[in-house]
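Input: a single structure, listed below in structure tokens.
The shown structure was predicted, so the numbers you read here are calculated from the model rather than taken from an experiment. Computed over heavy atoms, backbone and side chain alike; hydrogens, waters and symmetry mates excluded.
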Amino acid sequence: MARTEPDTRPSEARRRLLTTATRIFYAEGIHSVGVDRIIAEAKVTRATFYRHFPSKEDLILAYLREIHQMDRGSVEAAIAANPTPVDALLAIAGSIAEGIQSPGFRGCAFLNAAAEYPNAGHPVHQQLIAHRQWFLDTLTMLMAQVHDETADPAARHFVMLRDGAMAAGCLFDPALVSETFLRGIEGLLRINADRQLTESTG
């Protein structure tokens with residue numbers, strides 16, 4: 001008899017719980033949403049919820065990991081599709097701009113979580129810091145290929161432009177915010193590319 005491999009896929013109930021939590025946490029905030037609401041909307045029993053997530057905090061951490069994987073997938077796809085660092089950075093910026101203009105946009109999930117979990121020692125805060133460090137490290141790596149000496153400040157500048165656009169996109173015309181953000185990124189990249197060109201020909 002052939003050996004049957006164990007099924008390691010997430011259960012349907014866990015998927016529904018995480019999908020439901022992701023939608024509601026992002027739209028309404030984390031503290032304001034209770035476990036009972038998530039259980040009801042996911043259509044699972046309380047016992048099923050606690051079998052997959054021993055506490056609400058476990059669900060919150062899973063929610064942030066889910067958003068991280070989505071962001072990471074988008075960034076890695078942009079890098080894979082654009083062999084030059086400038087084009088990859090522009091593609092990442094373009095993806096962010098598209099997100100700002102998407103229906104139901106409510107800012108950055110990680111910045112929103114930071115406002116609700118300001119304690120640096122809390123596991124939720126630590127997870128969002130880890131996400132932001134990954135993003136900064138990725139940008140720094142790409143910026144180093146544009147102009148090595150200014151890679152760190154240029155990457156931080158990109159992140160600050162992104163954070164500002166994420167906040168402004170909730171308050172003003174998303175299309176105008178996206179356009180302003182993209183022009184800012186283009187200017188940042190032009191300055192650093194020009195520095196590299198000047199040094200290589202000087």
Side-chain angles (χ1 to χ4, degrees), residues 8-10 15 18-19 21-23 25-27 61-114 127-170 172-201:
T8 58
R9 293 174 299 176
R15 187 193 64 78
L18 187 53
T19 299
T22 298
R23 172 174 54 81
F25 284 160
Y26 182 71
L61 292 171
Y63 154 65
L64 292 175
R65 285 193 292 270
E66 183 79 0
I67 299 297
H68 169 74
Q69 289 302 324
M70 291 168 59
D71 286 355
R72 185 163 190 152
S74 176
V75 168
E76 290 178 348
I79 294 172
N82 295 276
T84 70
V86 169
D87 286 344
L89 287 159
L90 288 173
I92 292 168
S95 178
I96 292 168
E98 287 180 12
I100 291 171
Q101 297 181 74
S102 63
F105 176 74
R106 192 178 170 274
C108 171
F110 291 93
L111 291 177
N112 294 345
Q127 182 142 330
L128 65 92
I129 291 298
H131 167 81
R132 288 178 64 79
Q133 189 62 53
W134 158 79
F135 187 56
L136 178 61
D137 289 345
T138 302
L139 294 177
T140 303
M141 177 270 294
L142 291 169
M143 285 293 187
Q145 299 173 54
V146 179
H147 185 247
D148 186 58
E149 289 185 13
T150 57
D152 184 66
R156 294 183 184 280
H157 193 167
F158 189 118
V159 172
M160 290 181 68
L161 288 171
R162 179 259 187 201
D163 289 349
M166 284 284 191
C170 299
F172 307 107
D173 178 4
L176 179 59
V177 169
S178 296
E179 179 69 16
T180 303
F181 166 66
L182 289 174
R183 297 294 81 77
I185 295 299
E186 288 172 0
L188 174 65
L189 292 172
R190 188 178 306 114
I191 289 170
N192 285 273
D194 287 348
R195 284 173 177 161
Q196 181 64 31
L197 179 63
T198 299
E199 291 175 8
S200 62
T201 58

Any heavy-atom pair between the side chains of [Y] and [X] that's under 4.5 Å?
X	Y	answer
M143	L189	yes
I185	L161	yes
T150	I191	no
Q145	L89	no
I67	D71	yes
F110	H68	yes
F158	I96	yes
I92	L142	yes

Original post:
CE of M70: more than 12 outside heavy atoms within 6.0 angstrom?
Top reply: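 12 or below, so no.
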
Original post:
Can you tell me if CZ on R156 sees more than 12 non-hydrogen neighbours from other groups inside 6.0 Å?
Top reply: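 No, CZ of R156 has 12 or fewer neighbouring heavy atoms, counting only those of other groups under 6.0 Å.
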
When rounded to the nearest 0.5 angstrom, what distance separates [atom1] in [X] from [atom2] in [Y]?
X	Y	atom1	atom2	answer
L188	E186	CG	CD	11.0 Å
R65	R72	CZ	CZ	14.0 Å
L182	E98	CG	CD	9.5 Å
F172	I100	CZ	CD1	13.0 Å

Heavy-atom closest contact ([X] atom, [Y] atom, distance):
X	Y	answer
A155	T140	CB-OG1, 3.3 Å
S178	A97	OG-O, 3.1 Å
A193	V146	N-CG1, 3.7 Å
L64	A113	CD2-CB, 4.3 Å
C170	G107	SG-N, 3.2 Å
G169	V177	N-CG1, 3.9 Å

**OP:** Go through the steps to decide whether L90 and N82 satisfy the test side-chain contact (heavy atoms from CB on, under 4.5 Å), and finish with yes or no.
**Re:** CA-CA 9 Å; L90 288 173; N82 295 276; over 6 Å; no

**OP:** Check the angle between the aromatic planes of H131 and F135 and answer parallel, tilted or perpendicular using the 30° and 60° thresholds.
**Re:**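 Rings of H131 and F135: parallel, as their planes differ by under 30°.
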
Original post:
Which is it for L111 and R162 under the side-chain contact (heavy atoms from CB on, under 4.5 Å) test, yes or no, and what are the steps along the way?
Top reply: CA-CA 11 Å; L111 291 177; R162 179 259 187 201; 4.3 Å; yes

Subject >> Check: T84 side chain, D87 main-chain N or O, donor-acceptor pair, under 3.5 Å >> reply: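 Such a contact is found between T84 side chain and D87 backbone.
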
**OP:** Check for a donor-acceptor pair, side chain of Y26 on one end and backbone N or O of R106 on the other, with a separation under 3.5 Å.
**Re:**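 Side chain of Y26 to backbone of R106, a donor-acceptor pair under 3.5 Å: yes, one is there.
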
**OP:** Go through D137 and Q133 one step at a time and tell me if the side-chain contact (heavy atoms from CB on, under 4.5 Å) criterion holds.
**Re:** CA-CA 6 Å; D137 289 345; Q133 189 62 53; 2.8 Å; yes

Subject >> Stepwise side-chain contact (heavy atoms from CB on, under 4.5 Å) test for D163 and R132 >> reply: CA-CA 11 Å; D163 289 349; R132 288 178 64 79; 2.6 Å; yes

